[in-house]
Structure formats: structure tokens, C-alpha cells
Amino acid sequence: RRRYAPSRLARLCDAVLRQPAVKGALSILTLVALFCTDAVVVAGEVAYDAVAVAILSLCIAVFAVEWGMQVASSELQRPRYNFSFFFFMDLVAVLSIFVDLVVIAANDLESHSPIARAARAADLGTRAGRSLRLLRLLRNLRLVRISRFVKALIRRRNELALKTHAPSADRQLGRSGFPEELHAESVGAQIGASTTKKVVVITLLLLIALPFGERADRLPMCNSEMVVLLENISQYAAAEGNCTEVQEAVLPWFASALVPFSRGPQVGFSRRGLIYARINGCVLYRDDAVLGAGPGAPALWGARRAAELHALPCDVNFYDDDSWELDQKAPSLLLYDFRDEEVESALATMGTTACTIAVLLSFAFVFSTHAEGFAGQLVTPLLELMESMNTTARLELDTTHGEQELTPSNVYEILRLQQSYAALHCAVASFVRFMPMEVVRHFVKAGREAKLGVRRRDVCIFFSDIAGFTKICECFRPKEVLILLSEYFDRMASIIVEEQGTMLEFIGDSVLAIWNAPTKVEQHAVRTLTAALRQRMALKGLVEKWRAQGKPAVRTRIGLHAANVFVGNLGSRLRMKYGVLGDGVNLAARVEELNKRYGTDIILSEDVRQQSGVKETFLLRALDNVVVKGRKIPTMVYEVLGERADATSKDICIASSSEMAMQAYLRRNFREALAHLDEVKALCDGHDRAGAALAQRCRRFMMNPPSENWDGSEVLVQKTWHSEND
């Protein structure tokens, strides 16, 4: 499926919602929205209703904005969230806060409004009590938000565990092809979070369904039989309408704990909470503690909410103002104060909500712990596999777990995955032995498949072989030669890799390597000469060990050349190799062969000498100016005496005299050149094979000077020479 790049708005919303401070603030607001309305009821003061309205309005605004940001960033936050089940659940959770605002508004008994609204609210609380409780329980849908908070806690704990047990999991292996904004979670975290969310939803649905299955244990307050009964008593009383005598006649009814209905002695309505009773215009009972004592007392609307008042009959219409009595429009009226019941109901609701939250949180963490334990059977082997695969991908094969070191899994699929990885690791470890390590690592980092193709690159070419290798093969058994050659190649190749060179191939007893390809190397010529000198020193140690073992002494010859050549993948679609093409490769081989002619170990061309840092770092001796077979351009060649920092005064004098001899030779001053070469010969205890060819040529030119167009070079007519070691 095609992935679309997230918009700037989606990235911004995702960044905001992922902030720990934002998550904490939203969780606190969720708890406030859950308990705010009931807390105001428990507090008792009607004046607090305005504060509750302000708080709930703020919650609605914040949650609406958060819901919109969830929708905008759903691709990053919660894929496939839009128009899903939880999409509508979150929307209903936001809208449910309006229920609290409606209830608070319905409880507003201002003096200019008819208290008939109180009667209708009472009617809602009696005949439709289940609906009122349903509206209250709708607020619990906000617990869906608590589940999100629990998920965030589980995710945080999982992140800390991953950082502890798998610190290398965050390492990048180049281009993975996946957007950086996508976030992954552990198996245990996903199981715990997903199950917690579903349990929260199921629990809320059960809470909402409970009111429909409950038995109605409250008496039908809207039954007007009691009012009719009292009206009949007042009409047929001996007092014949005298309110005082009617009150005396009915007073025993209100003095008892239960006011019976006409249908039976055990059926009636409790006198508890009665604050006002008027029958046929006669005030039979009045609670001055609630209604006030005397004219000008605070109106009822300032002391009670609509849901806290219940009137009989329920369709009564009356008003409350600042007068001493309620209005006279309703000749018969019983008014009950249910504040205590409302407080008890609010406390019960708060307790239910708190218990629900506690149970859900406990379940979430307990289940998450068990889920993590269960997932550990999957995660621990997978983490080891992930670490091993990361190191294998980076070609750090020495630090990779072997098949025996991996924690065995009792899950069949993971066990097969471990076995497959072990086979893959062996294949990769074998493959890189046939390919230059730097080349393979280059393609791994580039994140692309190798294809046929070359490009030009300035490189330093290294070519070496073993002097007298043919004689060694004739004098020793094949197995002994193989052991010696393997140890030699292993040490030489290791030095090349350590100096950031690319080991291309072994050609018989020869080694071909390059620097500055496929990856660029700073001062690659200096690195090349350093590797050559290190190989010469390492070979001395190997020769001493081999002599003690009865093996032959080995001497190596190295030729170095710098050129702009073609580098890349050569071969066919079925089989290819990384290599170099160009005249520079042939010249490097010719330069290496010149070691036989001059009796030297390391020779480099003028092109290497001109590279950055070479003349300043190494002490070089000018040998000759030759045109190798197959070329027309002369090449100045030099012997590498060593690093300038370690050079002796003898080496410095040899290099200086050789340079002056070469300059005199090129000026056709052959006598002066020969004199400098004699100085070098004296420094070399009378034996200087490296300068013998140039000295012989100077003597010849002193007797037979060269032609006028002579450029100081000698044209070589042969490719190879024989030395005393061959």
C-alpha cells in the first residue's frame, strides 16, 4: 500500500500530543470532568454551579481540540482511527460533558422562572430515574481517555525496558524505507494496551446497561392519591374549610414517619424531607429552615437545585419569588427536599467512578505484567536476533551471536527463525571472505543493490608479491605452502583493512589493493605508504617465527602508483566483482617488478610522491627515470626508506645525495651525478645495488653523450627481471 507523507499539520499535532506534559494535563482534566458535577452537589452551595459550568466548558473546549488533533494526526498517532469504533467513542465522551451542563442548567431555579421546571425535573427523577442515571453514567465514557493514559504508562515502561535490555535497537542501518514518524511498540505493550482498551469499553457498556436491569425500589412520587386523600379530608372536616382546624386534623399524618396511601396500611410515602404542604389553599406544613422564617427570607431558588426538589402532584405549576409564601396558583401542593438523597447519589456515583478507575488501572498493570511475561518468550529471542542481525548487517561478524549462543525459544516459528538466521549468518560470513569487506559495507550503508558499472576515481594502487615464491613451492609440500601463504595473506590483508584500504584480490602470491574507493579516504596516499611500511615490519616478525619453525624466509616486493582509473562492478549479470580498470593498474605492476632490478622492497611512482602529505611524511630516495614497456611517457621512481620521523642521519644523507645525483643526471652533468652516487655507495658500505644502474649509465654517457633530444629517461625493453631471490 502506498504511503503518503504526513502533512505539516499532522506532524505538529503528533508532536504536541506526544508531549508528556500534554498527556498529564489531559489526564488531570479527564478526572476533573468525571468528578466535577458530583463534587459540586456534595459541596451543597448552589453558587458553586457557576464554577462547575466554567470548568466543564473548559474541558469541552480542550477535549474538542484534542479530538480534532487526534483526527488530524491519526496516520501517525493511531492508524485507521478515523471513523472507527474508538473514533465515535471519543466523540461521545466529549459530547457527554454537555449532559452535565444540561443537568446544571435544569437545576437553575431563578426567581423569574417557574418552579414548574423543578416539578418536571422531579418527574424526570421519579418516572424516568433510569434515564437520569443513564445520563450520569454516560460521563463514564470519559474513562476511555483513562485507558489511553494507561497505554501511555505501559509504553513508557516498555521504552525504559528496551533501553535497558536492547540499547542498540535504535541504531540506524541506512535507508530503511520507512517513515521516521512511525512508532513501534513491544508485543507485551501492544497486548496490554489493546486488551485494556477493550476491557474499558466492555466495562462502560455494562455500567450503562445496569440501570435498565435494576428494580425500581422507589415509590412512584408522581402518584397524586395522597394529595387527593388530603383534599378530601380538608373538604369533609368538621371545621368545614377552617385552615387551622384542618391543620390540626391532618397534623398526625405529618407527625408520623410514614404517610400512608389509601390502598393499604403498608404503602405510603415517607414524611422525611417534606418542606411544604398546602391543601385547598391551607398551608398545613412549612419547614422554615429551608424556606426561611418570615417575609423577605431568601427565595427557594437560592437554596436548592431543581433535582433536589420533588413535588406532588408532578404536573403542579407554581412560582417562587421573594414573598413569604409560594404563589397561590396551585391550591394543593406537597414539596419534598431530596438534597440528602442527591448527595448520597453523587457520593455513590463518585465512589463507583473511583472504584471503576482503580479496578481498570489495577487490571491494566496486572495484565500488562502478565502480558510482558508471556511476551518475554517471544521478545527475548527476538531482541537477541535483532541485535545479531544489526551487527551482521554492519558486517561486525566477530560480535554476532552464534546459533548456540542464542536463547532457545519454545515457540516453533521463532525457533525456525533462529535457525534461518544462523544459516544466513554463515552465508554472509562466507560471502564477505570472497569479496572486499569495504565494498560490501559500502553497499550495505548505501542501501542499494550492486549493479554492473564503473566510474572514474583518483586512487592509490597497491601491488605486491613474494620474492622467490616459485622456489618455495618447489621445496615444500603443498599443505605447508598453504599454511605459510594463509598466514602471510591474513596479516597483510589485515593491515590493508586497518589502514582503510580496499583489499581487492589475491592473484597467486600477489596482493592487489586500492585506497580511496569505494569510499573516500583522506590523504589516501599517506595511508597507502603507511600500510606498505607496516607490512614490511610485520613480515620481519613472521620471518623470525617461520625460521624457528624451519620454514623459509619470505621477502615481499611492493609497487605503488596513483592514477585516475575506472573503479566499480565488473563481470556479468550472473557474476561480478569489484575491481579497477586502466593503465594505472598495469603501471603499478610494472613498478612492483622494478624492485628486482634495483634490489629494493618498496618503490613508488612520481604520481604517488606528488600526493598530499607524502613528501612531508616519508623519506624517499630517487632511483631512476624510466619508460616501462608498453608506455611512452617516462616515470620517475623512488625507493621508500621510511618515515621522516624515524629516519636516521644515514638515511637522510642517502636520500639527499640520491636527489642531487638525479638532478645532475637530468642536467647532463654525469660526472657530478656519479660523484653523488659514489657518496651513497660509501654510505651503503660499498654495496649500492639501487644506484648501480644509474651509475653505469652515467659512465656510459660520459664516454658517449646522449642525443640532443634526450629527456633523461631510459626505455625499458623487458617487463620482468630476475633477482638472486627468484
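Note on E714 versus R700: no salt bridge recorded, every NZ/NE/NH1/NH2 to OD/OE distance being 4.0 Å or above. A salt bridge is defined here as a Lys NZ or Arg NE, NH1 or NH2 lying under 4.0 Å from an Asp or Glu carboxylate O, and R609 with E606 meets this definition.
Other residues, nucleotides and ligands place no more than 12 heavy atoms under 6.0 Å from the CZ atom of R671. Heavy-atom neighbours of Q549 CD from other residues, nucleotides or ligands within 6.0 Å: above the threshold of 12. Counting non-hydrogen atoms of other residues, nucleotides and ligands closer than 6.0 Å to CD of Q696 gives a total of 12 or fewer. In R547, the CZ atom is not crowded: 12 or fewer heavy atoms of neighbouring residues, nucleotides or ligands sit closer than 6.0 Å.
Of all heavy-atom pairs between G584 and H561, the closest is O-CD2, 3.4 Å. In terms of heavy-atom proximity, Q523 sits nearest to G613 at NE2-CA, 4.0 Å. Residues E679 and S657 approach most closely at OE1-OG, 3.3 Å, considering heavy atoms. Closest approach of E592 and S464 over heavy atoms only: CG-CA, 4.2 Å. When all heavy atoms are compared, the tightest approach of D651 to L641 is O-CD1, 3.7 Å. When all heavy atoms of K650 and L683 are compared, the closest pair comes out as CE-O, 2.9 Å.
Counting only N and O atoms by type, the side chains of N625 and S713 include no donor and acceptor under 3.5 Å apart.
Rounding to the nearest 0.5 Å gives a distance of 11.5 Å between OG of S510 and CD1 of I558. Here K615 contributes atom NZ and R644 contributes atom CZ; the two are 10.0 Å apart, rounded to the nearest 0.5 Å. Distance NE2/H676 to CD/E659: 10.5 Å, rounded to 0.5 Å. To the nearest 0.5 Å, atom CZ of residue R536 and atom CZ of residue R557 are 14.5 Å apart. The line from OH of Y578 to CD1 of I514 is 5.0 Å long, rounded to the nearest 0.5 Å. The OG1 atom of T530 lies 12.5 Å from the NE2 atom of H524; values are rounded to the nearest 0.5 Å.
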- Task: Could you give me the CA-CA distance, side-chain angles and deciding distance for L570 and V454, then say whether side chain to side chain contact (heavy atoms under 4.5 Å, CB included) is met?
- Result: CA-CA 8 Å; L570 311 174; V454 294; 3.3 Å; yes
- Query: Which is it for Q611 and L604 under the side chain to side chain contact (heavy atoms under 4.5 Å, CB included) test, yes or no, and what are the steps along the way?
  - Reply: CA-CA 11 Å; Q611 296 293 315; L604 56 82; over 6 Å; no
- Message: If you apply the rule side chain to side chain contact (heavy atoms under 4.5 Å, CB included), what do you find for V585 with F463, and how did you get there?
- Response: CA-CA 9 Å; V585 182; F463 201 92; 5.7 Å; no
- Task: Dump the intermediate steps for side chain to side chain contact (heavy atoms under 4.5 Å, CB included) on L694 and M662, then the final yes or no.
- Result: CA-CA 9 Å; L694 185 60; M662 180 58 64; 3.9 Å; yes
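A donor-acceptor contact shorter than 3.5 Å links the side chain of T556 to the backbone of D465. Distance alone, capped at 3.5 Å, is enough to place a donor-acceptor pair between the T502 side chain and the A517 backbone. Of the possible polar contacts, none joining the R590 side chain to the G559 backbone as a donor-acceptor pair under 3.5 Å is found. Between the side chain of R689 and the backbone N or O of Y598, no donor-acceptor pair lies under 3.5 Å. Formation of a donor-acceptor pair under 3.5 Å by the N569 side chain with backbone atoms of K451 is found in this model. Looking at N516, its side chain never comes within 3.5 Å of a backbone N or O of C460 through a donor-acceptor pair. Side-chain N or O atoms of W515 include one that pairs as donor or acceptor with a backbone N or O of E499 at under 3.5 Å. At least one donor-acceptor pair closer than 3.5 Å links the side chain of D509 to the backbone N or O of I466.
Contact check for M537 versus L533: no side-chain heavy atoms found under the 4.5 Å cut-off. When side chains are defined from C-beta on, T617 does not count as touching L529, because their heavy atoms never get closer than 4.5 Å. The shortest side-chain heavy-atom distance between F566 and V580 does not fall under the 4.5 Å cut-off. Side-chain contact check for D624 versus L594: every heavy-atom pair is 4.5 Å or farther apart. For the pair R457 and K520, the minimum side-chain heavy-atom distance is below 4.5 Å. The shortest distance between side-chain heavy atoms of Q535 and F462 falls below 4.5 Å. Here the side chains of V608 and T528 are not in contact, with every heavy-atom distance at 4.5 Å or above. Using a 4.5 Å heavy-atom cutoff, the side chains of K551 and E480 are not in contact.
Here the two rings, on F476 and W546, have centers that are 6.0 Å apart or farther.
Below 30°, between 30° and 60°, or above 60°: for Y665 and F670 the angle between ring planes is above 60°, a perpendicular geometry.
A cation-pi arrangement is absent between R621 and Y638 under the rule of less than 6.0 angstrom and at most 45 degrees off the ring axis.
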